[in-house]
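Proteins come first, then strands; the chains are lettered A, B, ... in the order of their sequence lines, and each starts at number 1. The structure displayed is predicted, hence computed values, not measured ones.
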Amino acid sequence: MIRLENVYKSYAKGQYALKGVSLEIERGEFVFLIGPSGSGKSTMLRLLLREDTADQGSVWVAGKDLAKIPSWKVPYFRRNIGSIFQDFRLLPNKTAYENVAFALEVIGKSRKVAEKQVPQILELVGLADKMHRLPHELSGGEQQRVAIARAFINRPLILLADEPTGNLDPETAWGVMRLLERINRTGTAVVMATHDVGIVDQMRRRVIEMDSGCIARDQVRGVYGLGVAQ
Amino acid sequence: MGLSVEYVVRETAGNLWRNRLMSLAAMLTIAVSLALVGSALLLKQGVATSTQAWKGGVQLLIFMQPNATKSQDRAVVTQLQTLPSIEKYFYVDKAVSYQEFRRLFANQPDLLNSVSESQIPPSYRVVLKNPSEAPSIGQIFNGQPGVKAVDYNFAAIQTLEKISSIAQGVIIGLAVILLLSATVLILNVIRVAIFSRRREVMVMKLVGATNWFIRIPFMLEGFTQGLLGALIAAGAVLAIRALFNYLIERFQVHLLSGFVLTSHDVLMTEIVVFVVGVVVGTMGSALAVRRYLEV
């Protein structure tokens, strides 16, 4: 599903954000990407979303070599990938329903399709009763659920999450995590960059730890701190 | 790419309304500059019509009687061929003269209907080696049997042409400057629109909107500004034509009596106005989109 082969990426001359990273993520996997700020997590997510291209090495996502996708095809590629962020990235002047429907509208789906699918997905994320609220009338956790609904509405193969619980209190964060787990169970691979020790330790999923542009650790059922899972 | 008309119309109208003052400024600049372009074109066409007979360096017009006999005609031709100061001459027959007449008096249908082709004088158009000899040569033909009238008023015609070409230059120059500023204004309007909606643009890219899907509403915005500006300018061109006609009729300016703007001329001018308006509008927005959308 995702394969990086000896990937290098630098933004400033001589300073590498990624230094020869190789990894493979299978269909339906759930992966935590951890490591200190500046270790290369965000760069990796940017490469996977094709917001940037690698300087060296190759990045394969959903069966495609990203270096070979012409820029006009990038939008079509992105429709296979859902993404959520720490700051939710909702449109403030649109309701929860409209924010999710927007993702359908933008790829040319009809209003009828939206009328059918959007309430379903909002129900799935537990916001059926708050469909017509604006983002500022929702709590942080609820806003992130809207963002997840928007990311998932096109049934992506991969969901990229950049610190999705970073702005949430622990209890709300767990709500979001349970939602991501449910999405993962439908077969969507989830790659989540996070600093949340508690979540990583309790979920016991694959952990990839980054350190100054290299993979420091890759464990199948890992925890946040050093040490091997029992 | 599945662009729905409804979506595009809604987005474009929304953008225009959000930046209505700037849009208005861009539109009016286009309107004023295109009105100038239009009037320069009309001026050019009017002058061209009124000086049609003097084209090609003709300095002397000899109008024959419509019913002149063959021998009278031959006498004139013989003189034209033998006089040493005549560079060349050509004959304009009744049919061609009638065409010119119809064009010249297109705005006076009463006159057009009352004159038939057989009543139109054919003419000789003469180019002289030395233009200053026009009056003396003219005298030779004036009053000769079969000759209706002689006209060597070309000096005034030349002055008219000169003034008009200077005026055209100045007007077109102004219009070009204004069109450039209109382009910059539209570029700025679109830039502001994109900036104020960068969050939306970011989200659109995130969920996989194609570049054209993002671009088209912005480009249509500039297109609309250009089109509306052209519409105003088109109205202005019609008004200017009416004003010309009124002035000529009211003051009976002799020199300008042939200053006729046919519907064809006006139509061509309107087409130019629309094309330039739309091109300027779309160009401004295309530039802005390219530079500020970085898609």
Side-chain angles (χ1 to χ4, degrees), chain A residues 45-46 48-52 62 69-85 87-94 98-114 118 135 143 146-162, chain B residues 1-23 189-221 223-224 282 285-295:
Chain A
L45 292 179
R46 285 179 62 83
L48 294 179
L49 249 184
R50 182 55 160 78
E51 287 184 318
D52 262 320
I69 298 183
S71 57
W72 68 270
K73 268 192 177 165
V74 168
Y76 298 95
F77 160 74
R78 283 197 191 137
R79 292 175 191 182
N80 301 318
I81 298 179
S83 45
I84 55 174
F85 299 87
D87 58 358
F88 319 132
R89 303 207 181 162
L90 299 176
L91 297 174
N93 52 353
K94 288 190 194 296
E98 287 165 347
N99 262 288
V100 178
F102 189 63
L104 288 173
E105 189 174 37
V106 150
I107 63 170
K109 291 279 167 62
S110 75
R111 186 159 284 209
K112 278 233 171 71
V113 173
V118 176
Q143 290 186 48
V146 176
I148 292 171
R150 184 182 63 191
F152 193 56
I153 186 109
N154 293 315
R155 312 284 152 168
L157 299 164
I158 298 164
L159 186 75
L160 301 178
D162 194 358
Chain B
M1 84 192 90
L3 267 179
S4 80
V5 175
E6 187 221 332
Y7 169 83
V8 170
V9 169
R10 178 157 43 87
E11 287 295 298
T12 308
N15 282 349
L16 284 169
W17 181 246
R18 241 181 304 247
N19 304 306
R20 49 195 174 275
L21 259 184
M22 290 273 267
S23 297
V189 172
I190 306 286
R191 193 179 64 88
V192 168
I194 293 175
F195 187 76
S196 67
R197 301 183 59 210
R198 63 197 181 287
R199 200 181 166 81
E200 214 163 318
V201 169
M202 184 179 74
V203 170
M204 285 165 103
K205 286 188 197 170
L206 204 69
V207 295
T210 59
N211 295 343
W212 283 110
F213 187 90
I214 300 173
R215 268 190 210 122
I216 281 178
F218 289 118
M219 294 192 60
L220 213 56
E221 194 182 331
F223 175 85
T224 310
T282 315
S285 53
L287 273 174
V289 167
R290 214 182 62 155
R291 281 185 55 195
Y292 298 102
L293 214 50
E294 47 168 69
V295 282

A/Phe77 versus chain B, heavy atoms under 4.5 Å apart: side chain, backbone, both or neither? neither

A/Leu159 and A/Ala151 have their tightest heavy-atom pair at CD1-CB, 3.6 Å

Where do B/Gly208 and A/Arg79 come nearest, in terms of heavy atoms and distance? O-NE, 2.8 Å

Which one wins on heavy-atom pair count under 4.5 Å against chain B: A/Leu90, A/Leu49, A/Asn154? A/Leu90

How close do A/Asp87 and B/Arg199 get, heavy atom to heavy atom, and via which atoms? O-NH2, 4.1 Å

Looking at residues at least two apart in the chain, or sitting in another chain, which of them share a salt bridge (charged side-chain N to carboxylate O under 4.0 Å, His left out) with A/Arg50? none

Which region of A/Leu104, side chain (C-beta onward) or backbone (N, CA, C, O), has a non-hydrogen atom less than 4.5 Å from a non-hydrogen atom of chain B, or is it both or neither? neither

